[in-house]
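Here is the structure we will look at, set down as structure tokens.
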Amino acid sequence: MNVLIASDLDRTLIYSAAALKLDMPDAEAPRLLCVETYGHKPLSYMTETAARLLERLQEQCVFVPTTTRTREQYKRVHLPGGPARYAVCANGGHILCDGESDPDWQAQVRRELEGCAPLRQVCEHLRRAAGDGEWALKQRVADDLFAYLVVDRARLPLTWVKELAEWAGSCGWTVSLQGRKIYAVPGPLTKSAAVAEIARRTGAARTCAAGDSLLDADLLLGAGRGWMPGHGELVDSGWSAPHVEVLTERGVAAGERITREMLAATEPAAG
């Protein structure tokens, strides 16, 4: 149990129907397990093989789901192997321990965010910058920590995200485009800081990580070893690091491969 493995969820470990990328003939498609429902409908999946591997993984290490999802959104996900002892939500804004947010960590995060532009200023800028554009479908605030837009990617102006990122950077915030969502997140709000705190608490000697978006870059950099699927924001941007393996698999097949690689990484410690 001296290995901690932190994994992003959406489009890394679990996949919506639109992100599965089942490009093989139907007869060769893997069996899928639904791990999340929303509005009484199935929403997210992993392969049954990945599910079995994840159950074994949780027996071998400290496994930490690490997500930009809010606490409410995270609790919709039911991963094989049962609830993880620790989880990171809101991009590092919350450390969950047995399902409850740690108040000391919340207080530390609030102190670190004091040097950034306030959330209300960023929300107002998002509203004004999106204007009456029909491509901007919804604007939301997540756990009073950061904001995001739900957009129609087909109609999103080509330079809009770049322009937003330049403005946000001057305010101490970062921007990430993931699927249909554009996130604006305070710079100090990172997955890596929360995972490092969990590693300290659990006494983990090694940390491994997996992720697909720019909001996962710090998580991957902070780990001793990492994996990223052959799709996503990191691959599209050309991001790389010497200790992070870029897999060839895409979609739900990448989730299975990542789970297999994570399990293999625990074997030296387990043996």
Side-chain angles (χ1 to χ4, degrees), residues 1-10 12-14 36 57-58 61-79 81-123 140-148 168 171-176 178 181 183-224 226 262:
M1 286 289 188
N2 65 342
V3 180
L4 184 153
I5 295 186
S7 180
D8 174 52
L9 293 180
D10 297 281
T12 297
L13 202 60
I14 66 175
E36 178 188 16
L57 178 69
Q58 294 208 54
C61 70
V62 178
F63 174 69
V64 183
T66 307
T67 180
T68 306
R69 287 176 174 236
T70 64
R71 289 167 291 176
E72 179 182 357
Q73 292 167 339
Y74 168 70
K75 289 179 180 180
R76 296 199 306 254
V77 179
H78 300 282
L79 294 175
R85 173 75 191 282
Y86 290 100
V88 173
C89 294
N91 210 63
H94 293 280
I95 290 177
L96 303 188
C97 183
D98 294 326
E100 299 298 325
S101 184
D102 182 271
D104 292 336
W105 182 253
Q106 287 185 51
Q108 180 174 329
V109 167
R110 293 293 182 184
R111 289 193 296 270
E112 292 177 352
L113 297 187
E114 290 176 358
C116 300
L119 175 61
R120 64 178 180 277
Q121 178 183 341
V122 175
C123 288
R140 295 287 185 267
V141 171
D143 282 351
D144 292 324
L145 291 167
F146 61 90
Y148 64 91
C171 299
W173 286 60
T174 60
V175 170
S176 175
Q178 301 180 39
K181 294 180 180 178
Y183 292 92
V185 179
L189 192 68
T190 64
K191 295 179 178 180
S192 59
V195 168
E197 173 62 15
I198 296 172
R200 184 190 67 80
R201 296 183 186 187
T202 59
R206 293 191 295 134
T207 300
C208 302
D212 73 300
S213 80
L214 288 174
L215 291 177
D216 296 315
D218 69 285
L219 175 67
L220 293 168
L221 287 173
M262 291 191 298

Intermediate values then yes/no, side-chain contact (heavy atoms from CB on, under 4.5 Å), L145 and N91:
CA-CA 9 Å; L145 291 167; N91 210 63; over 6 Å; no
Walk me through whether S101 and H94 qualify under side-chain contact (heavy atoms from CB on, under 4.5 Å).
CA-CA 6 Å; S101 184; H94 293 280; 2.7 Å; yes
Could you go through the side-chain contact (heavy atoms from CB on, under 4.5 Å) check for V175 and V185 one step at a time?
CA-CA 6 Å; V175 170; V185 179; over 6 Å; no
Worked check of side chain to side chain donor-acceptor pair (under 3.5 Å) between Q178 and S176:
CA-CA 6 Å; Q178 301 180 39; S176 175; 3.1 Å; yes
Hey, mind stepping through R76 and R69 against side-chain contact (heavy atoms from CB on, under 4.5 Å) and telling me if it holds?
CA-CA 10 Å; R76 296 199 306 254; R69 287 176 174 236; 4.0 Å; yes
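F63 approaches A84 most closely through the heavy-atom pair O-CB, 3.6 Å. Listed here is the closest heavy atom pair of D10 and D212: O-OD1, 3.4 Å. Listed here is the closest heavy atom pair of L4 and A204: CB-CB, 3.7 Å. Nearest approach of L219 to A210, heavy atoms of both residues: CD2-O, 4.0 Å. Between Y74 and A87, the shortest heavy-atom contact is OH-CB, 3.5 Å. Shown here for A184 and V122, the closest heavy-atom pair between the two residues is CB-CG1, 3.9 Å.
Between V77 and L79 there is a side-chain heavy-atom pair separated by less than 4.5 Å. A 4.5 Å side-chain heavy-atom check between V64 and I5 finds every atom pair outside the cut-off. Looking at heavy atoms from C-beta onward, L96 lies out of side-chain contact with Y86 at the 4.5 angstrom threshold. The shortest side-chain heavy-atom distance between P65 and V88 does not fall under the 4.5 Å cut-off.
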Can you give me every donor-acceptor pair (side chain of residues 111-121, partner residue at least two apart or in another chain, under 3.5 Å) with its distance?
residue: E112; atom: OE2; partner: Q108; partner atom: NE2; Å: 3.4

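With rounding to the nearest 0.5 angstrom, the CZ atom of R140 is 11.5 Å from the OG1 atom of T70. Taken from CD1 in I95 to CG in D102, the straight-line distance is 6.0 Å, to the nearest 0.5 Å. A distance of 9.0 Å separates CZ in F146 from CH2 in W173, rounded to the nearest 0.5 Å. Rounded to the nearest 0.5 Å, atoms CG (D143) and OG1 (T68) are 11.5 Å apart. Between H78 atom NE2 and E36 atom CD the span is 8.5 Å, to the nearest 0.5 Å. Between atom SG of residue C208 and atom CE of residue M262 there is a gap of 9.5 Å, rounded to the nearest 0.5 Å.
Only one option out of D218, T67, T66, D8 pairs with K191 in a side-chain hydrogen bond (donor to acceptor under 3.5 Å, both in side chains); it is D8.
In summary, E100 and R71 do not engage in a salt bridge, as defined by a charged side-chain N under 4.0 Å from a carboxylate O.
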